[in-house]
Number of protein chains: 4
Amino acid sequence: MPKPLVLHTLAQFAAATAGRNMTRPAYAAVAVGVLTMVLLTVDPAHELAHHWVDGVLWACLAFFAFEWLVRIRHAVLSGNGPTYLMSGRGLLDAACVLAVPGAILLGAPQRTAWLLAVLWLVKVVPGVPGLRQLRRVLVLESGPLLSVLMIFLMVLFLGSVAVYFFERDVQPETFGNVPAALWWAVVTLTTTGYGDVVPITLPGRMVAAAVMICGLGVFGLWTGILATGFAAETRRDNFLKTWESVSRVPFFATLGPSAIADVTHMLRTIDLPARAMIIRKGQVGDCMYFIASGEVEVDLPGKKVRLGEGAFFGEMALLGNNLRSANITTTRLSKLLVLDLVDFRLLMARHPDLAQTIDTEARRRELENK
Amino acid sequence: MPKPLVLHTLAQFAAATAGRNMTRPAYAAVAVGVLTMVLLTVDPAHELAHHWVDGVLWACLAFFAFEWLVRIRHAVLSGNGPTYLMSGRGLLDAACVLAVPGAILLGAPQRTAWLLAVLWLVKVVPGVPGLRQLRRVLVLESGPLLSVLMIFLMVLFLGSVAVYFFERDVQPETFGNVPAALWWAVVTLTTTGYGDVVPITLPGRMVAAAVMICGLGVFGLWTGILATGFAAETRRDNFLKTWESVSRVPFFATLGPSAIADVTHMLRTIDLPARAMIIRKGQVGDCMYFIASGEVEVDLPGKKVRLGEGAFFGEMALLGNNLRSANITTTRLSKLLVLDLVDFRLLMARHPDLAQTIDTEARRRELENK
Amino acid sequence: MPKPLVLHTLAQFAAATAGRNMTRPAYAAVAVGVLTMVLLTVDPAHELAHHWVDGVLWACLAFFAFEWLVRIRHAVLSGNGPTYLMSGRGLLDAACVLAVPGAILLGAPQRTAWLLAVLWLVKVVPGVPGLRQLRRVLVLESGPLLSVLMIFLMVLFLGSVAVYFFERDVQPETFGNVPAALWWAVVTLTTTGYGDVVPITLPGRMVAAAVMICGLGVFGLWTGILATGFAAETRRDNFLKTWESVSRVPFFATLGPSAIADVTHMLRTIDLPARAMIIRKGQVGDCMYFIASGEVEVDLPGKKVRLGEGAFFGEMALLGNNLRSANITTTRLSKLLVLDLVDFRLLMARHPDLAQTIDTEARRRELENK
Amino acid sequence: MPKPLVLHTLAQFAAATAGRNMTRPAYAAVAVGVLTMVLLTVDPAHELAHHWVDGVLWACLAFFAFEWLVRIRHAVLSGNGPTYLMSGRGLLDAACVLAVPGAILLGAPQRTAWLLAVLWLVKVVPGVPGLRQLRRVLVLESGPLLSVLMIFLMVLFLGSVAVYFFERDVQPETFGNVPAALWWAVVTLTTTGYGDVVPITLPGRMVAAAVMICGLGVFGLWTGILATGFAAETRRDNFLKTWESVSRVPFFATLGPSAIADVTHMLRTIDLPARAMIIRKGQVGDCMYFIASGEVEVDLPGKKVRLGEGAFFGEMALLGNNLRSANITTTRLSKLLVLDLVDFRLLMARHPDLAQTIDTEARRRELENK
């Protein structure tokens, strides 16, 4: 009975498509589609295989159309059809489906119309994990970044008018008007320097040198602003992700709120799939772990011990000798809190009660293992 | 009666021009003027439309002349005419008006004289918000920046003399003298690399490689210095903007001066126009707001509640479930203090009394809304 | 009896090779081998000396083969032969030995096969001290770095399709297909700008300008992320290296654990070979030293005093006049803890008992020297 | 009697030369000498004026010879002649004098020999203020910087061998051997991109793209390391400069050592010449000043008040309204400590006794001024 299986898979896939942003087949379709489109523009490849290649592209388009319809159906069923259609995501889904057929209907040759398949790449954007963080940095630092852009534009215009003035008589074909000089200025100020348009008079070259040095400065300011913003954002992001998890670990329950904020600054969350090796026997250890959710298995000689939510492990390598004494792997999807050696020592120094808890547990385990 | 209206508009505009640095029409005049000037240098465009285009330029010039006169009149009336005329702003206003006619009087062809209209761009500078901040960074870090410039110049001269020595016999037309080699060195050290002048002998290329790697180093130092300075300046700027507002919020009045400094470091000010949507129902909330000035409207089911200066909102999403429960918009120009989720938790941990105040208010509101 | 000597040296060398990652002869073999290989590709050099040059290469290969065999023997003897053979290091050793002969056996001309000798360079990697640190930064910041790579790829594809669309008819030989346009986009987005492929139409140039400015932005984000990660990693690394040493200095034994963490943040470890001059008489002093291990000799007028593990010196220049009063050199390999003038003052302020200990000792020494 | 005057000037100049590193005439001689040397390499300029130009160069050389002799004499008189001659500074002085005549004696044509005058530029190095700071950063961060250099070299060699392999048959004249490919790799990896040597095969271009992206990464790491090191160094330098001055201000004498370290972190020293305007009436004030040494004059209506070492001013603008109420200028060379508005508030919050002292003084002054 292959038919019910197909239907079941389809239903499952439809559910995944409706709920999540990008399914694995969708990623594959984007990759295959865009690469095929790129290939299609190479003349020999086009002549050799364009029928076959066209098929692939139409299949990708069909996939995205199906995805779009599933999402519309899902939205209509849950009562917010118009919301989805008019949302950024809905409009993007629509554009990805309609752009190519639309262009063909409007009379563009088919090979040109397929160039619009590059839009499919944009579908990947919401799935990029750090993008939200980058956007926050760009928004928070928008003031200084705009100022730098302003300086950039001012140098661009002043520089290109000056170079146009000095070069127009000597090189009328390349510096014959200010828009051409602006092209030169952009190429120079970004330190790209194609070399297709180069000043040759002495004053022109002096202006060019000033523009290049300003380019370095603009670059430096830009980077400095982004670095500053990014450092703040990273701290914030890490704190938020960790705070949630810390509250679930009973070990930290005895701490007051101020100490919890303190601890949160020290910990780092990591998410691990099932069967991931966390600690390898004999390695040098420089951190310990708390289990925020999930479960791990300690591979002791003769027996296997399982540790669940709220337990900690890896502390022995930090207390005495620094070699790991057992393999430890996750048994299912787990969220761990990592405490680095540096912060382990600071924490032990500031909160002697925690130090004692860990010490007692470590000694108990050592006895047990003997 | 159109005449009084015109006069009224003119009076209003004159007042705005005298008081503020750049009015909206002034921004428009700068943009239109400079773009028209750029267009004028393109030969076909010039031939086709230079009468029309000239008219636009003269109109912009007339606008700036009018602006200058209004400001002179205003300065004279308030008794500091000479001060304004001799100030940087006054001189700039004068230059923007007089440069083009001056050049024409001195015998420059009209099309060349209009190139000086690029000066109008400089009028925009004082209106760029973050420029003051950038200037402070450049002043405070001027010592190290000058050192880097010194290293830059030293590498420039040593490199160009060395390359000149190795290349002059092989490429006499491009490396025939040290100024030509200096041009090569600037292009290389800034990593622009036009490729119009390239060493071809082995020792010449080795010097060039050293110059390029120094270029990377100079770039890195430059950026590092600016990043360091910028980080400090951003912290300072934010503190100053926020301190002012914090003192106006009665909520913080119970705190001692040390705690206020603490709180100020956590808050961030934002200015919002009237009718701006601050919180959208159903969104994930990661900050709460205090009203430093202005007013907001909470769109509760069945009624609309207005909150004025000193009130706070958005705390519910941080305390319990993290979805916003109502739309909130400003009713007029408002200044808000934003407390991020991270800092909210730190603040609650350090100042339990504040935590209680917020908690009580949140519970009261929840009861009221039921 | 030269033979026993040779055998002894060989045994010594074999032991060093088995235990350590890279011996000095191995570094020399890599350097000589790779440079010889580079030389071999220059036609005149090849014709003149390829027999001699081939001999050098075969000798280097023999050296690496010997090294590999010694390590296999060592691994087999210590019972983990297969582990070594399958480890990254074992595979690299194997590849370095087998690549060139393998290529020759597979029919590649000998001169081409020797190009694979460039693999020998990779042997140096595990010996680079800061590489582990860099890898940690790249791993910890992999999220944001991948996001930036994503943005990079997106700009790359969107930009190259757009430029291909605008330029394909005007420059069919350089922008004739999207892969060619992708080459242009990589060259532009990294701000390399060869200039071999340059857009010449107006819309093409506008897209190019946007791509260049995005290139600056990508660059800035990249640098900002790395700078942030690197700053955190440097602090951590320094703390770990120092903590170990601080615990060995009895001077700090009286401090509580919290104060030790405090002190550790202030100190910096340096390793010095025997006979290294640490302090030169008459120089301006801006730090003091604690001896974590090793020994130093103070060259006082008339006598030489030796200070061993746990002693400190250089404090006099920080307390009173700031000129060093004696030469101090190491007598053997020593590990010192450096306390900077800034941190010296902070430490003295926060821990008056330490201040008194140092003061007493300094006064005692001064009396003694009189 | 012009002769004694000349002798007196000469003696004065000799004293300045012997003691200081660079006198003003020395800076002038370097600038004039190097620029003249540059000019001399331009053929038309050489033919037109080389007798006159030669004279200038010989005069500069004579000046440096005189400078060298004065320093030797001074060193011999103070008993450390050989020390000076063998020190870096002494060797540099010798090289600057002897290089050009030496080259002429060795048979170099005079015009070529003068190229060595570029060495004179190196004399300026010890006078650059921030250079010591930069050197410290480079030394402290040498570990990671060397690692990055190592990565740089590895990418360089691997990339150039790979591109050589793919391109040698297609472009034998530009990629005909590995040294040529290394030239390409340096130009590419530093993102200079001359475009004189460009891969054209598909695999060659893919390797090139990888090299370019590695170039961005190397650049980012480099900058990140330097930024990190520079931030730490700036903090340290500022602390040292300020600590010295703080101890001289009686206002801070009541503070304990820990609080002084605290205050030192907040203050910034500035050195001002005589007659410098510090505060202009009517400006917005955002900092107050303490006088570490020197004197200032307050221009009150009707009288002029002088404030000496240890006094403070500018606090009124920070306490009440924020407009400066009087002009204040220095009367002689003064060192001031600047307390920023941000830190003023933090300081007042943490040290209420200081706040009271400032408040009392401010009220006293206000009464007095009425």
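Throughout, a chain's letter reflects where its sequence line sits, starting with A, and its residues are numbered from 1. All values derive from a computational prediction rather than experimental measurement.
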Region of B/Pro199 in contact with chain D, defined by heavy-atom distances below 4.5 Å: both
B/Met212, part contacting chain D, at a heavy-atom distance under 4.5 Å: both
Contact winner vs chain B - D/Leu145, D/Val137, D/Leu115, heavy-atom pairs under 4.5 Å: D/Leu115
Interatomic distance, B/Ile213 atom CD1 to D/Phe152 atom CZ [nearest 0.5 angstrom]: 4.0 Å
Pair D/Leu182-B/Arg205, side-chain contact (heavy atoms from CB on, under 4.5 Å): steps then yes or no: CA-CA 10 Å; D/Leu182 275 170; B/Arg205 287 185 165 187; over 6 Å; no
Top contributor to chain B interface from D/Leu149, D/Ile225, D/Asp196, D/Asp43 [non-hydrogen pairs under 4.5 Å]: D/Asp196
Point-to-point distance, once rounded to the nearest 0.5 Å, from CG of B/Leu216 to OG1 of D/Thr191: 6.5 Å
Segment of D/Asp343 engaging chain B (4.5 angstrom heavy-atom cut-off): neither
B/Val197 and D/Tyr194: CA distance, side-chain angles, deciding distance, side-chain contact (heavy atoms from CB on, under 4.5 Å) verdict: CA-CA 9 Å; B/Val197 192; D/Tyr194 285 134; over 6 Å; no
Pick from B/Ala181, B/Gly215, B/Pro179 with the largest number of heavy-atom pairs that fall under 4.5 Å of chain D: B/Pro179
Closest heavy-atom pair and its distance - D/Thr112, B/Arg168: OG1-NH2, 3.0 Å
Short side-chain to backbone donor-acceptor contact, D/Thr41 and B/Val178, under 3.5 Å: yes
Test item: B/Leu158 and D/Val118 side chains (from C-beta on) under 4.5 Å apart, heavy atoms: yes
Validation row: B/Val198, D/Trp183 side chains within 4.5 angstrom (heavy atoms): yes
Residue among D/Val187, D/Thr192, D/Leu121 with most heavy-atom pairs under 4.5 Å to chain B: D/Thr192
Heavy atoms of other groups near B/Phe165 CZ, more than 12 under 6.0 Å: no
Heavy atoms of other groups near D/Gln110 CD, more than 12 under 6.0 Å: yes
Step-by-step side-chain contact (heavy atoms from CB on, under 4.5 Å) determination, D/Val186 to B/Met206: CA-CA 10 Å; D/Val186 168; B/Met206 288 171 78; over 6 Å; no
Value rounded to 0.5 Å, distance of OG1 in D/Thr190 from CZ in B/Phe219: 11.5 Å
D/Arg111 CZ: over 12 foreign heavy atoms closer than 6.0 Å: yes
